[in-house]
Structures are given as C-alpha cells and as structure tokens.
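Structure, as structure tokens:
Order of the sequence lines sets the chain letters (A, B, ...), proteins ahead of strands, with each chain counted from 1.
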2 protein chains.
Amino acid sequence: MTSDFGQFCPIALASEVLTQKWMLLIIRELNAGSTRFNDIRRGVPRISATLLKQRLNQLEHAGVIIRQPHDNGGDDYLLTEAGRELKSVLAPIGEWGQRWAREIDDGDLDPGWLVWAMHRRLDLSKMPAGRTVLEIAFTDAPKDQRFFWLVCENNNVEVCVKPTGFDVDLRVSTSVRIFAEIWRGLRPLQPEIANGAIRLEGDTNLMRDFPGWLLLSVFAKTKQQR
Amino acid sequence: MTSDFGQFCPIALASEVLTQKWMLLIIRELNAGSTRFNDIRRGVPRISATLLKQRLNQLEHAGVIIRQPHDNGGDDYLLTEAGRELKSVLAPIGEWGQRWAREIDDGDLDPGWLVWAMHRRLDLSKMPAGRTVLEIAFTDAPKDQRFFWLVCENNNVEVCVKPTGFDVDLRVSTSVRIFAEIWRGLRPLQPEIANGAIRLEGDTNLMRDFPGWLLLSVFAKTKQQR
DNA sequence: CGGTATCCCCGTCGATACTG
DNA sequence: CAGTATCGACGGGGATACCG
C-alpha cells in the first residue's frame with residue numbers, strides 16, 4: 001500500500017512512511033529505547049522478521065533511523081533527530097486511542113507483550129537496591145505464556161520466559177484481562193489487590209510498595225471517553 | 001491491511017483506523033470543513049468512489065463521523081467529538097512532514113489539488129467586498145488542468161474548472177512547481193512576483209494586496225530541516 | 001450527484017526453510 | 001542472533017460500468 005497519494009501536502013508525504021502497516025508500532029519501540037532487531041520484535045511480536053527488516057530499511061531510507069554495526073552481530077537501529085521528533089506524533093495518537101478507540105477483545109490480550117510493556121514502566125528508584133526478581137503468573141493464559149520473570153538491577157530490567165535461576169522476590173498472580181485493564185488505567189489497582197484479583201506473595205516491602213513502582217501505561221491517566 | 005495488531009496499546013488501536021490507506025487525508029478534509037462526498041473527493045482526488053465510501057463507512061463505524069441525510073441526495077458526513085479531536089493528530093503529522101518528509105516530484109504536483117487547497121486559504125476579509133473572481137493559469141500544466149477559477153463572495157469560495165461567466169478580476173499566471181514551492185513556504189512570494197515567475201494582471205488593488213490575502217499552506221511557516 | 005456492483009490484477013504479507 | 005530467500009495465497013483496491 002501507501003505511496004503516491006498524488007499530492008504534496010505534508011500530511012500526505014508523512015503518511016507514505018507513517019501509515020505503512022506496523023510502522024507506528026516500530027517507531028514506538030524505537031522511541032521507547034529499543035535499538036536491536038529482536039528487542040523491537042518483542043514489542044511488535046506479530047510482525048514477521050522479513051517484514052520488520054523491510055520496514056527498518058524504509059525507515060532508514062526516510063531518514064528516521066540510521067544503522068550502526070554492532071559487535072555481537074546485527075546492527076543497532078538508532079533514531080535520527082527526525083525519528084526522535086516522531087514522539088510528537090505518537091503522543092497524540094496514543095492519547096486519541098486511549099480516549100476513543102474500540103474496546104479490546106481477547107485477541108488483543110497478549111501476555112508477553114504486556115510484560116514487555118511493563119519492563120519499561122518500573123520505577124527502579126522505588127525498588128530495593130541490588131537485584132529484584134519478579135515473577136508474573138497469568139492464571140488464564142495458555143501454558144507457554146503463563147509465566148514471565150523480570151530481573152531488575154542496575155537501572156536495567158530484563159524479561160525472561162524461563163526461570164532465571166535467581167530466587168523470586170515477588171510473585172504477582174492475576175488474569176491477563178484484569179491486569180490489562182489496570183494497566184490501561186480503566187480500573188484502580190488497590191481494590192484488585194484487596195479483593196484478591198491480584199495476588200502478591202513474597203517480600204513484604206515489595207508487596208507494600210508495589211503500587212508505587214508499577215508505573216502503568218503512559219496513557220493510563222488519560223480518561224476514556226466512549 | 002491493518003487490523004489486529006494483536007496488542008491493546010492505544011497507538012495500535014488507533015492505528016487500525018488511522019493508518020488505513022487514504023484515511024488521514026480524508027480526515028484532513030473533514031476537519032478542513034468538507035461534509036459532502038464530492039467535496040471530500042476534490043481534496044483526495046486520487047481515491048476511487050468505491051474506496052472513499054468504504055473508508056467513510058469505517059470512520060462511521062469507528063465513531064469518527066456520523067451521517068446525516070441531505071436534501072439534494074447523498075449524506076452530510078459530520079465529525080463527532082472524537083473526529084474533531086483528530087486535529088491534534090493531524091497537526092503534528094503535518095509539522096513533521098513539513099520538516100522531514102521527502103522532496104516532492106512531478107507526480108505530486110496536482111494543479112487541481114493546489115487550487116482546492118488555495119480555496120480554503122484566502123483571507124476574504126482582506127479582499128474587496130462583493131464578488132471577486134480569480135483566474136489561475138498554470139503555464140506548464142496539461143490543457144485540461146491549465147485554468148481554474150475561484151469565485152469569492154459572502155465568506156464563501158467556489159472552485160470552478162470552467163469559465164464562470166463572470167468577469168475575471170485578477171489573473172494569476174505561474175508554473176505549478178513555483179507556485180507549489182511558494183505555497184509550501186519554501187520560497188518567498190514577493191521576489192517571484194518581481195521577477196515575473198508569477199504574473200498578475202487585473203485590478204490594481206487586488207494585485208497589490210495579493211500577498212496579504214493569499215494565506216499559503218497551514219504549514220508554510222514550519223521550517224524544512226532536511 | 002452520490003453512490004453500487006463486478007471483475008480481476010498485482011502487491012503485500014505470512015510461512016517456511018536456510019545462512020553467516 | 002539477525003537476518004535472507006523463496007513461494008504461494010489472499011485481498012485490497014483500481015477500473016469500468018451501471019443506477020436511483
């Protein structure tokens with residue numbers, strides 16, 4: 001799709017790049033900090049490798065990113081100034097989506113994506129110093145997507161899909177749907193802990209401070225309108 | 001394309017609607033004031049009737065517009081609050097396009113579209129009272145797109161592709177490329193009048209005030225960066 | 001004017017397998 | 001890990017004709 005709208009309106013020209021399938025989500029990942037091929041994929045899990053590479057090439061061609069060879073093979077994909085300025089495009093789109101977009105259905109509830117989103121929204125400054133290991137257990141997810149682990153240390157959070165070998169400091173058990181609705185800001189967190197829809201087990205301080213360091217979606221504070 | 005990105009991120013949900021082909025341009029037209037099927041088409045001339053209708057249906061389904069039966073047949077397509085809020089999405093996309101999008105080529109230089117864009121960007125308060133008829137002559141356009149007429153009166157501007165029957169008050173002759181570059185804010189207007197790249201003939205006051213009432217693109221003041 | 005109906009092509013994309 | 005190559009299916013959408 002999408003090229004040659006036959007007009008030189010800046011919105012049309014920008015659309016040639018931005019409205020390609022998956023493009024905004026890739027740009028969102030880049031602006032969230034991902035630079036590596038497979039990191040981007042974790043934020044956009046349903047895209048194929050072929051297509052992601054093609055989109056990255058288009059972004060490079062459009063001057064949104066540059067490639068930089070990486071030691072361990074592959075490239076780093078780094079935003080240019082033009083790419084960083086796309087934050088000002090993503091923000092209002094997300095706000096609008098939060099206010100007006102359709103309700104979500106079960107097909108949108110990807111547990112892995114939710115954990116990947118979480119890993120960028122933990123306030124490490126409000127967590128204990130040193131290493132903290134979280135286990136997320138989605139009670140209603142298929143077996144291979146039921147458990148995830150977040151290893152937090154040194155201003156860095158790693159997402160694992162297998163046990164880490166470290167002791168778990170806090171286990172969070174919940175259904176994907178409930179947690180997603182909290183994540184989106186559609187329901188408050190505290191009552192769901194109180195009524196047991198979210199179960200916390202482990203370190204007492206971590207449990208107590210959980211609502212403090214779990215930052216939720218960037219758009220959680222924007223009120224839904226429909 | 002575009003549905004089911006498999007995640008409930010608001011940017012993904014908004015993308016399902018907004019990144020459909022032609023969609024942003026249709027929304028731009030609606031937000032510029034068009035409500036009728038063929039008015040929208042004049043702002044998006046390369047879209048087929050079938051596809052435009054399909055997109056309008058999708059916008060209605062997404063709650064961006066509502067349809068209202070019109071006396072002369074067809075419907076008025078009216079923005080909802082959700083639709084009006086998309087202004088906040090269009091603006092940064094246009095700004096980004098103006099700053100960073102590719103250079104335009106000859107295929108983007110649609111004279112009819114340029115005149116249609118112009119008709120929304122005339123400051124009638126700076127034009128004489130009563131009716132003013134402008135003739136635009138694109139010296140380098142194919143015969144059937146060489147002449148256009150703008151009939152300005154009563155806070156309303158009409159675009160015609162055939163002589164109007166009224167006397168012409170001001171004739172503007174220029175190449176599409178030059179006028180497009182001025183329109184986009186890439187070069188100043190006055191020198192091009194002085195050096196004859198834009199030729200004005202007709203009412204002396206209209207000629208003198210031309211740079212005052214020709215408002216140019218909404219994004220003309222945003223400086224290109226590439 | 002404001003659409004619908006139909007046909008059909010070509011490009012997009014997913015899936016799978018393979019490589020350095 | 002970070003891709004590339006190939007292939008085939010599907011469906012988006014252009015073109016054209018028609019209609020109330």
Tell me the interatomic distance from [X], atom [atom1], to [N], atom [atom2], rounded to whole angstroms.
X       : N      : atom1 : atom2 : answer
B:Asp4  : C:dC13 : CG    : P     : 15 Å
B:Gln54 : D:dG11 : CD    : P     : 13 Å
B:Trp22 : D:dG13 : CH2   : C1'   : 11 Å
B:Ile47 : D:dG14 : CD1   : C1'   : 11 Å
B:Leu52 : C:dG3  : CG    : P     : 8 Å
B:Arg46 : D:dG12 : CZ    : P     : 22 Å
B:Leu51 : C:dC7  : CG    : P     : 19 Å
A:Met23 : C:dT12 : CE    : P     : 12 Å

Got a list of protein N/O to nucleotides 18-20 of chain D N/O distances below 3.5 Å?
none

Please name all residues satisfying side-chain contact (heavy atoms from CB on, under 4.5 Å) with [X], sequence neighbours left out, ordered by chain then number.
X        : result
B:Ser48  : B:Thr50, B:Leu51
A:Asp123 : A:Ser125, A:Lys126, A:Trp213, A:Leu215
A:Thr80  : A:Ile66, A:Ala82

Quick one: side-chain hydrogen bond (donor to acceptor under 3.5 Å, both in side chains) pairs with a partner in residues 156-172 of chain A, sequence neighbours left out? A:Glu135-A:Arg171
When you measure from the side-chain N and O atoms of A:Arg55 to the phosphate of C:dC13, is any distance below 4.0 Å, counting only OP1 and OP2? yes
A:Lys21 side chain N/O closer than 4.0 Å to the phosphate oxygens (OP1, OP2) of D:dG12? no
The ring-ring contact (aromatic ring centres under 6.0 Å, His included) partners of B:Trp116 (sequence neighbours excluded) come to B:His119
Residues in ring-ring contact (aromatic ring centres under 6.0 Å, His included) with B:Phe8, at least two apart? A:Trp113
Nucleic acid footprint by protein, nucleotides 1-7 of chain D - heavy-atom cut-off 4.0 Å, B for base, S for sugar-phosphate alone: SSSSB--
Atom NE2 of B:His61 with >12 non-hydrogen neighbours under 6.0 angstrom: no
Tell me every residue that passes salt bridge (Lys or Arg N to Asp or Glu O under 4.0 Å) with A:Arg131, counting only those two or more places apart in sequence or in another chain. A:Glu153
How are the rings of A:Trp22 and B:Phe5 set to each other: parallel, tilted or perpendicular (split at 30° and 60°)? perpendicular
